Structures are given as C-alpha cells and as structure tokens.
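A short write-up of the structure that comes next.
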Amino acid sequence: MVKLKVTTHSGEEDVLEVEVYRPEEITAKRNDGDIQAIQIGDNSYSRIDIKNIKVVEV
C-alpha cells in the first residue's frame with residue numbers, strides 16, 4: 001500500500017491509501033482536457049481541482 005496526500009485548489013487535503021501509485025498515469029489524465037474527473041483510491045476529484053499529490057509512506 002502507498003499512502004498519499006492529495007491537496008486541492010478548493011482547500012481540501014486528503015490522506016488516502018492506494019494499492020499502486022502510478023504518477024505518470026495521473027499526470028497524463030490531469031493534462032487531458034477530455035477528462036473531467038480522476039479517481040484516486042476511493043475518492044473522485046475534478047481534474048482541474050487537483051493541486052498536489054505527494055507520497056507520504058510506502
């Protein structure tokens with residue numbers, strides 16, 4: 001499991017765990033104008049609202 005801290009432009013800060021973290025895949029989705037939302041773990045975020053994603057613990 002990988003623990004992530006996700007911060008958003010709307011001021012939210014979530015700490016969540018995912019089985020596998022693929023930053024390249026999330027970056028590609030964040031840069032794709034056709035995508036509206038990105039699922040990270042059990043949470044769904046607006047593509048344009050995601051500010052930072054940091055690995056807290058592996």
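The basis for the numbers below is simple: all heavy atoms, side chains too, and nothing from hydrogens, waters or symmetry mates. These numbers come from a predicted model, not from an experiment.
A side-chain donor-acceptor contact under 3.5 Å links Arg30 to the backbone of Ile50. When atom types are taken as modelled, the side chain of Asp32 and the backbone of Ala28 share no donor-acceptor pair closer than 3.5 angstrom. Of the possible donor and acceptor atoms, one in the side chain of Arg47 sits under 3.5 Å from a partner among the backbone N and O of Ile35.
Heavy atoms only, all atoms of each residue included: Val18 and Ile40 are closest at CG1-CG2, 4.2 Å.
At least one side-chain heavy atom of Val55 sits under 4.5 Å from a side-chain heavy atom of Leu4. Side-chain contact between Val15 and Lys3 is present, with at least one heavy-atom pair separated by less than 4.5 Å. Contact check for Asp14 versus Tyr45: side-chain heavy atoms found under the 4.5 Å cut-off. A heavy-atom distance below 4.5 Å is not found between the side chains of Asn52 and Val6.
Remark: Glu12 CD to Asp49 CG distance equals 8.0 Å, nearest 0.5 Å. One finds the CD1 atom of Ile53 at 7.0 Å from the OG1 atom of Thr27 (value rounded to the nearest 0.5 Å). Taken from NZ in Lys51 to OG1 in Thr7, the straight-line distance is 6.0 Å, to the nearest 0.5 Å. Taking NZ of Lys29 as the reference point, atom CD of Gln39 lies at 8.0 Å (rounded to 0.5 Å). Atom-to-atom distance recorded for Met1:CE and Glu57:CD is 11.0 Å, nearest 0.5 angstrom.
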- [ ] Using the side chain to side chain contact (heavy atoms under 4.5 Å, CB included) rule, take Val58 and Tyr21 through it: C-alpha gap first, then chi angles, then the decisive distance, then the call.
- [x] CA-CA 10 Å; Val58 177; Tyr21 174 53; over 6 Å; no

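Asp42 CG: 12 or fewer foreign heavy atoms inside a 6.0 Å radius. Summarising the local packing, CG of Leu16 is surrounded by more than 12 heavy atoms from other residues, nucleotides or ligands at distances under 6.0 Å.
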